[in-house]
Amino acid sequence: MTVPTPKSRFLPTLTEVVHADNLQRSTEVREPELAIENLALQSLTADLALELQGQLQAMLNAHIHQVMPHLHAAIEVAVKQAVGKAIAQYQLGQR
């Protein structure tokens with residue numbers, strides 16, 4: 001009966017896999033790509049900021065239009081109560 005030999009579990013270290021000269025070349029190739037990515041991100045950020053500003057403005061306008069009638073009604077009630085109270089105090093002072 002033959003026993004299978006176990007497979008090697010050797011894993012190379014990072015310094016064995018990545019050599020310094022390859023790393024130097026990869027960063028030189030990567031720099032123009034990073035510049036393009038940065039420009040794209042800046043453009044996308046500006047576009048998203050404008051879109052967010054527009055959406056927030058639309059939401060605020062909708063909320064203001066929804067709340068405004070309730071606010072006017074509350075102000076009207078408060079003014080009527082204040083005027084009624086002032087008239088009552090004035091009439092009491094006249095007597």
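We use all heavy atoms of the structure for the numbers below, so side chains are in, but hydrogens, waters and symmetry mates are not. Here the structure is a predicted model, which means the values were calculated and not measured.
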Any donor-acceptor pair under 3.5 Å linking the side chain of S43 with the backbone of L39?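 Here the side-chain-to-backbone pair does not exist.
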Member of H70, M68, E76 meeting the side chain to side chain contact (heavy atoms under 4.5 Å, CB included) criterion with H72: M68
Straight-line distance of [X] [atom1] to [Y] [atom2], nearest 0.5 Å:
X   : Y   : atom1 : atom2 : result
L52 : D47 : CG    : CG    : 12.5 Å
L56 : E51 : CG    : CD    : 10.5 Å
Q66 : N61 : CD    : CG    : 12.5 Å
L48 : L41 : CG    : CG    : 10.0 Å

Treat each ILVMFWY residue as a node, draw an edge where side-chain heavy atoms are under 4.5 Å apart, and state whether V83 and I75 are in one component. yes
Any non-hydrogen side-chain atom of E33 less than 4.5 Å from a side-chain atom of I36?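 The answer is no; the side chains never approach within 4.5 Å.
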Side-chain heavy-atom pair Q81, V77 within 4.5 angstrom cut-off: yes
